[in-house]
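Notes follow the structure.
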There are 2 protein chains.
Amino acid sequence: MIADQLGLHVSTVSRVLHAKPGEGLRAASSPTVERVRKLADELGYQRNPHAMSLRTQRSNLIGVLVPRLSDVVLATIYEGIEEAAAELGLSTFVINTRDLPEVQRARTEMVLGRRVDGMIFGDAHADSGFLDEVAARGVPFTLVNRRAGQHPAVVCDDYLGGRMVAEHFLELGHEEVAVVAGEPYASTGVDRTSGFVERFREAGLLIPEHRIVHSRFDARGGREGTERLLATGPLPSALFVVNDFGAIGTIGALRDHGLRVGADIAVVGFNDTPLAAELPVPLTSVRSPMHEMGRRGLHQLVRVLEGEPGETELLRPELIVRASSDPELYAGLMRKMATA
Amino acid sequence: MIADQLGLHVSTVSRVLHAKPGEGLRAASSPTVERVRKLADELGYQRNPHAMSLRTQRSNLIGVLVPRLSDVVLATIYEGIEEAAAELGLSTFVINTRDLPEVQRARTEMVLGRRVDGMIFGDAHADSGFLDEVAARGVPFTLVNRRAGQHPAVVCDDYLGGRMVAEHFLELGHEEVAVVAGEPYASTGVDRTSGFVERFREAGLLIPEHRIVHSRFDARGGREGTERLLATGPLPSALFVVNDFGAIGTIGALRDHGLRVGADIAVVGFNDTPLAAELPVPLTSVRSPMHEMGRRGLHQLVRVLEGEPGETELLRPELIVRASSDPELYAGLMRKMATA
DNA sequence: CCTCATTACCCAAACGTTTGCGCCAAACGT
DNA sequence: ACGTTTGGCGCAAACGTTTGGGTAATGAGG
């Protein structure tokens, strides 16, 4: 270490620079402390993290797995993770797994090989024995975005979100409804759907099987799911698409069939992605606190790293009603366009 | 190291496990090699990257700075970077700087403190003395997405992309055109705009100052820029918005003013983001090879790390014409909707 | 039998920290 | 005046690699 050009031993310097106020009062005399501090930042000293990790067996590194960062939902969650991590002096690796189990496995190994202190999974699969294995190996981790099994997770209260949408539809008098439900292995889609379905059941309305279609989480998935929906049976009057990008595909498909979203059919998305408000017919959507979810996910992990139990948090969603589902707003929109 | 329960010295094992075929023939006898290999993967041995980095002064870590990952363009570029890095056994940190110079500086220091081998900047500012400083300190880096100064960069040929849009407009007979030009410090917006403007000038048409407005790179920015455009002077017949998200905001603003995109006014975006094709009136856009840009950016950096000079690459854009600017496609769209 | 190469290893230093222990001197208590 | 505390620091081991320089055994060549 360069700082023993002060004639001090490295250990002394290490103590001075590292000691938390509480522990190391025995560190050095205050003049020495000053001298060390001064030289340290004159030289722009930064301690070598590899040496430190090697010695302490702690890397201050967190591995984050997501299906794909080009999904704005995951990207936003990750922004929250990264922000919170930076505040705590932690660094994060993020990896795309494309939701493929083999990739999840392989990349997890790779990340663990990097000796991360813990992991955050944003791509949990519901069935996942994989996560059980990881937990059994004693790797500390938390889940964000999707929950799975009993593993600690920070997620939106998707079930509640689904109920909110159902409530909204019921208030508007919709009885013939359908769901584009996303991937069956993702708790997000599943929970949103079941909240929706249950609320309808409570209202005495059973949604038939063929009115619930699974789909990929992107625009094309939404389009395909909607096409399948339109191909079978009579038209529903309202559609719940469990994520905004899917909803965009849905809207496209509906237009192709000559249906006016907001007038002929109501559509609601999920996540309240920034563009929902900007669509030609603004999209009603359930806002989920994605950034906050990331932040809390990281904090949850830190708690686990400190040996505390680690619990699941459900974040409160909020329904943002716009013209795609509200006749009045839609009428207002049309009026405005006509007079312009 | 656990593997000297074979009675071998760690150095021998190290050589066996590490030696590239070319160099370390002196390593060990083939039976020994076998024994070592066998035990190594029985034990699931992975070498400690911190110890290795400490010893070799090479971390196999790359720092990546982006304005924000929730911008799908940057997220996609980063996916390319990460993919290529993983193939080469490198790991990447990615950091959001929100395009703020102080944050760029601070996070760069932090990343360098992590002892990365090199950096990739996706958030270069045109004026950037900052990058010159970084270069002067001998930090190896490359730029992606935006170029700046003479630093090696992998970017889309934005100038050419701008020209393509101009060409397209000229073919359609547009003479009154305007540009929503993005942030003035980003080479992407600047180059796209200047390509566009110059092609028009070559056609003998000068685009007046007030027909070029700067804007943020998101939907709201596009909306605001467009509002300013609509507030001043007569309506242009075609609008070039230098990125797709901005174009979404533009489309919203135009609709608010009762203008039908594709019929009353042509709009072209940039990047051909996945949702461009899915919009109600599909958006004409210049496709830029974002994923590939990330991959090449990383490879470029690797070359620099190996001591080679590092050159700038311009990737070829491609104009994808859709209904938002093509009258025939628009008519087709309307016909389809009417008959549905 | 001696020399010399070659094979197959081992040795030890070094990378930059952290941390338990120990030592010296000064201050303190009796 | 003589133990005892304590403030201030040094010592050295350890973390897990890599790597230049050994060295002992083996075999070939003379």
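Just so it is clear: chains get the letters A, B, ... in the order the sequence lines come, proteins before strands, and each one is counted from 1.
- A donor-acceptor contact under 3.5 Å links the side chain of B:Ser11 to the base of C:dC11.
- As the counterpart of C:dC10, D:dG21 is assigned, both hydrogen-bonding distances of the Watson-Crick or G-U wobble pattern falling under 3.5 Å.
- Following rounding to the nearest Å, B:Arg58 (CZ) and D:dT19 (P) show an atom-to-atom distance of 12 Å.
- Protein atom CG of B:Leu17 is 13 Å distant from nucleotide atom C1' of D:dG16, rounded to whole Å.
- Relative ring orientation between A:His125 and A:Tyr185 is described as parallel, the plane-to-plane angle staying below 30° on a 0-90° scale split at 30° and 60°.
- Rounded to an integer number of Å, the gap from B:Asn48 CG to C:dC15 C1' is 13 Å.
- Along DNA chain D, the nucleotide nearest to A:Arg35 and the one nearest to A:Ala51 differ in position, and the one closer to the 5' end is contacted by A:Arg35.
- Distance CZ (B:Arg15) to C1' (C:dC10): 9 Å, rounded to an integer number of Å.
- Along DNA chain D, the nucleotide nearest to B:His50 and the one nearest to B:His9 differ in position, and the one closer to the 5' end is contacted by B:His50.
- Comparing B:Thr32 and B:Arg115 by the nucleotide of DNA chain C whose heavy atom lies nearest to each, the residue mapping closer to the 5' end is B:Thr32.
- Here the C1' atom of nucleotide D:dA14 and the CE atom of A:Met52 are 16 Å apart, to the nearest Å.
- One atom, CZ of A:Arg114, and another, C1' of D:dG16, lie 15 Å apart when rounded to the nearest Å.
- Note: CG (A:Leu54) to C1' (C:dT19) measures 14 Å, nearest angstrom.
- Applying the 4.0 Å criterion to OP1 and OP2 of C:dT17, one finds that A:Ser14 has every side-chain N and O outside that range.
- Remark: the A:His291 side chain and the A:Glu83 side chain contain an N/O donor-acceptor pair separated by less than 3.5 Å.
- When distances run from any side-chain atom of A:Leu8 to the nucleotides D:dT17, C:dC9, D:dC9, the shortest one goes to D:dC9.
- Base pairing annotation: D:dC15 forms a Watson-Crick or G-U wobble pair with C:dG16, both donor-acceptor distances under 3.5 Å.
- B:Phe93 pairs with exactly one of B:Ile62, B:Leu65, B:Val116, B:Val64 by the side chain to side chain contact (heavy atoms under 4.5 Å, CB included) rule, that one being B:Val116.
- Looking only at atom types and distance, the side chain of B:Arg58 has a donor-acceptor partner in the side chain of B:Asn60 under 3.5 Å away.
- At a cut-off of 3.5 Å, with distance as the only test, no side-chain donor of A:Thr97 or A:Arg107 sits close to an acceptor on the other residue.
- At whole-Å resolution of the value, CD in A:Gln57 and P in D:dA14 are 14 Å apart.
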